[in-house]
Structures are given as C-alpha cells and as structure tokens.
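Just so it is clear: chains get the letters A, B, ... in the order the sequence lines come, proteins before strands, and each one is counted from 1. All values derive from a computational prediction rather than experimental measurement.
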Protein chains: 2
Amino acid sequence: MSSAIPVHCKECSVHNNCVLGHLTPEELEQIDRDKGCSIFKKGQIIMPQGSKPSGVYCVFNGKVKFTRLGSEGRDHIIRLGTKGDLLGYRSVLANESLSASIVALEDTQVCFIPKSLLLNFINENVGFSLSMMQQACQDLGESGKMITNLAQKNVRQRLAEVLLMLNAKFGKDQDDFLDVKLSREEYANMVGTATETLIRLLSDFKIEGLIETNVKRVKLVDEIKLANIAQLEN
Amino acid sequence: MSSAIPVHCKECSVHNNCVLGHLTPEELEQIDRDKGCSIFKKGQIIMPQGSKPSGVYCVFNGKVKFTRLGSEGRDHIIRLGTKGDLLGYRSVLANESLSASIVALEDTQVCFIPKSLLLNFINENVGFSLSMMQQACQDLGESGKMITNLAQKNVRQRLAEVLLMLNAKFGKDQDDFLDVKLSREEYANMVGTATETLIRLLSDFKIEGLIETNVKRVKLVDEIKLANIAQLEN
DNA sequence: ATGTAAACCTGATAATTGTCACAATCGTTT
DNA sequence: AAACGATTGTGACAATTATCAGGTTTACAT
C-alpha cells in the first residue's frame, strides 16, 4: 500500500455510481478533510478477514474481490467490487468483524472514510441513510440469488452464470474481452469448484464456441447460449 | 388467512427481539391505527415470490420459511423466520420484487405495517433507521456464511450445520427435541440436496448416535460431534 | 537469456451425490 | 375400518465432481 494524490470528493468521477453521491457538498468537504487516499498493488490485502475495520474504503479505480477462507483452507470469492463501491460497510454497520478479506485484483486506488464520519452522515442525512440501506438490501438480494444457484445448479450452469455476471458488472474492453482478469483458480473460487474441473469446463465452452480465451482474458462469443446454460430467470 | 384480534403494539411481547422495539410509544400507536392483523394457516403463502409487497409483516407468533423456486422447479429454503422478525423488509427497502415466497411453517399470526409508515419511521427516527440497517447488514453476513458453506462443504457437513442452526434459532421443546417441525423434503431444501440423500444422512446420524428422531421431530444428542462434522469456526 | 516458480492443462481414478423405481408407513377422509 | 395420498425409507445405478499425479506453458526476476 502507498499513499496517493487525493482528488476532491466534489469533483470525483465515481459519484454517479456511488452511494456517496447522495451527500451534500458540505458533507463531501468533510470527507476531504478526514479521508486518507491510498493505492493497493495487485494481490495486496485491503482489509483482512476477521478484523474490525475502523471505517470504509471508497473505490476510486481498480477492482477487488471479497474472499472468504473456509474451514478447510480453501478460499471462496463471494463478491467483486469496482469503482464507486464502498468496502467494509457491512461490517462497520453491523458492528461485526469482516467475514471476508478484501483483496486487490489489480492496482486499486481507494479513499478511507472513518466510521465516525459515516455514522454522522447516516444520522444527519436521511437520503444518504436510505440509499445505504437500499444498497445493503440489494446486496442481500444478490446473495440470495447466489445461494439458490449454489444449491440448485451444477458447475457448468454456475460457470455460465459467472461469466454473464462478469460481463454485466465489468463490461468489455476494446477487444471485446471481459474487462477483468482472473486466474483459473479465481474462477474456480467464484464458481465453487476445483480448479481442474473449472479448467475442463472452460475448454468445453471454448470447443463449443461459447467463449474464446487468450491467456488470462475471456471473450463471450455466444451470450444467448450461455444464458440458456445458466438458465437465467431474470 | 383470517383476521385476528389485534394486540396493542406497546404491550406486544415481541419487542425485545424486534427492530420495532426501537420505535417511540407514539410511533407504536401510529402502527396500531394502521396495522392489520391476520393468521396464516400452516402451509399458506404469506407473501408470494415475485410480488412487490406494499408493506411488511411483523411475526407475532409462529414460524415461516423463505423459499425460492429455482429454474428447475425445485425449491430452496434460504432462511427461516420466527417471532419478532420483519417479513419482506428487504424487498420493500430495495424496492425490488420478492426473491422468495414466505410460507407459514405452522399457524402464524402476523401484523401488517404499510410501506409508507415504515419509510416514515426510517425518515424520522434515526435510532430505528440504524437498527434496520444493522438488521440488513447482519442478514447479509449470514448469507455470506451460507454461500461459503454451500460452496465448500459437503452435504453431510451442511446437514450438521443446519441442525445446529435450528437449535440456535428455535431451541428445544420440553422433551429436548428441536422446537420446529420440518419434513424431510424441507430439510433437503435447506441443505441443498435430494430428499433421498437427506433421508440417508439423517439415518446415518441416528446410527452414529448423533441425533434421535421421532416422526417429524429431531433431537440433538451429541452437539459437540455435530459441530465437529460441521467444522464450525464461529 | 536463463532459471524458477506459478499457472495452466490432461488423464486416471475415487468419492460424492442425484435419479429412478419401488416398498413401507403414517395421517386423513370417508 | 378401509382406502387414499403423502411422506418416509431403501436399493441399484448413473452422473457429477474431486483428487492425485503427472506434464506443459507462461511470467518474472536475475
């Protein structure tokens, strides 16, 4: 981790897709006074599982994973975060320790907002408070979907779903590849399967013409068939 | 569903374990004026998946399941609710349709609180607002745990965990049996497995002296061994 | 450019779990 | 009490997935 040149919150580009966009200009200036900006290199732990964070990070750019260490030493990626997401808010608001480590998937610039400040805003700004609550409830809905998927779908279906989810969350780069780089092991940890099984399925998809791969990059070729495999309802 | 004699919220016994306990006496009286009380018989749908509820139910007594219909027509139980729980709050606050049906596991008495009233309280009562948010964040933490369990544990481990979870949530009746009655199919839908597999595992547990069963009732005999099987961390 | 560790891939095999078919039991209605 | 349907239970088998044991390629530091 290293510190970085701070941007003024008022001019920050992430506003449109960030709950902090609901704060007043004065409140944003308050953040400016207290916040700390830092850069985490790819692979670095931003917040470790089990710790009680003293505030939240707002992602300025980059990508992160929320990864939970299960009892048998295997990791599971329960969520991904990107520009505009607040990291650790669940833990701060529930006053519980972090149930997952937050790790940088690429070099990631974040701003730290102390817990006290966040709670102030919630107390004083009803609009912000409501949108925080909405965020939590939406995330809860996502989790519910994930639970049903893990419980009812097989690995092939879940992989198709993960690929489409990545497309929805991160979009495509200029070459039409998914704009996020994940190792095979990380894919496996998202799908909830062994790395070998995941590799085999990815090549199956490649053979069937559903995707193309180029080292760490993946391109979705036939999204409709993928959606059929995933059996998406919504 | 049938209507029931309303109890005054101020004197309601569920306060201690209910977010509504954070409301002022005046706010509770407001609920009294607007609320509707009803009883759902065992098996009745309280709120159907896909609908957008116009308010929430507060459980006065009884037990409910949150059950999601997956794409292959199989149900999955993602959560259970009991006295003091608010039903449908996630959907109301996220302004999304219900991702699961809420179904009575036994005769269940509930009070309906309109959405507008709930939002008023959130706008005007910071303490209540915060405790609603905490509730959402705690539920989110629970979901995360469930996700990791489904992804990393096998059926046997998950069954052990479900049994312990039921014990923690519902406790024991006077005969030391779990104070909740579920069919084998419902157990299977909680664990995320086929009914036949679940039945086999339950008899295994019985043979190994971990549990006793009596028709629909289950008694935990060796909670320590169950915890070992489930590999509980916390 | 070269050595080394990590990541990726493949095959063989074992373990887990699901599916189907059917029998036994229980509870409810007639 | 008989009859019906729903639930519970069992066995055989198939499908899915994990594990282990290797090879190959890639990325990166020196």
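For residues 175-184 of chain B, proximity to DNA chain D is found at B/S183, B/R184, defined as any non-hydrogen atom under 4.0 angstrom from a strand atom.
Within the 4.5 Å cutoff, no side-chain heavy atoms of B/L159 are placed close to those of B/T193. Residues A/K219 and A/L178 have side chains not in contact (no heavy-atom distance under 4.5 Å, counting atoms from C-beta outward). Using a 4.5 Å heavy-atom threshold, the side chains of B/T197 and B/V155 count as touching. Between B/S143 and A/L140 the shortest side-chain heavy-atom distance falls below 4.5 Å. Residues A/I77 and A/F66 are not in side-chain contact: their nearest non-hydrogen atoms beyond the backbone lie 4.5 Å or more apart.
With the end axes of the helix from C/dA1-D/dT30 to C/dT30-D/dA1 each set by five pairs, the angle from one to the other reads 40° at 10° resolution.
Across all strands, B/T195 comes closer than 4.0 Å to no nucleic acid atom at all (heavy-atom distances).
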I'd like a table of atom pairs between the protein and nucleotides 20-24 of chain D - only N or O on both sides, under 3.5 Å - with the distance next to each one.
unit_1	atom_1	unit_2	atom_2	d
D/dC20	N4	A/E196	OE2	3.2

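Heavy-atom distances to DNA chain D give each of A/R158 and B/K216 a nearest nucleotide, and the one nearer the 5′ end belongs to B/K216.
Phosphate proximity of C/dT17 to B/T197: absent, as no side-chain N or O sits under 4.0 Å from OP1 or OP2.
Checking B/K172 against B/N167 by side-chain atom types alone, a donor-acceptor pair falls below 3.5 Å.
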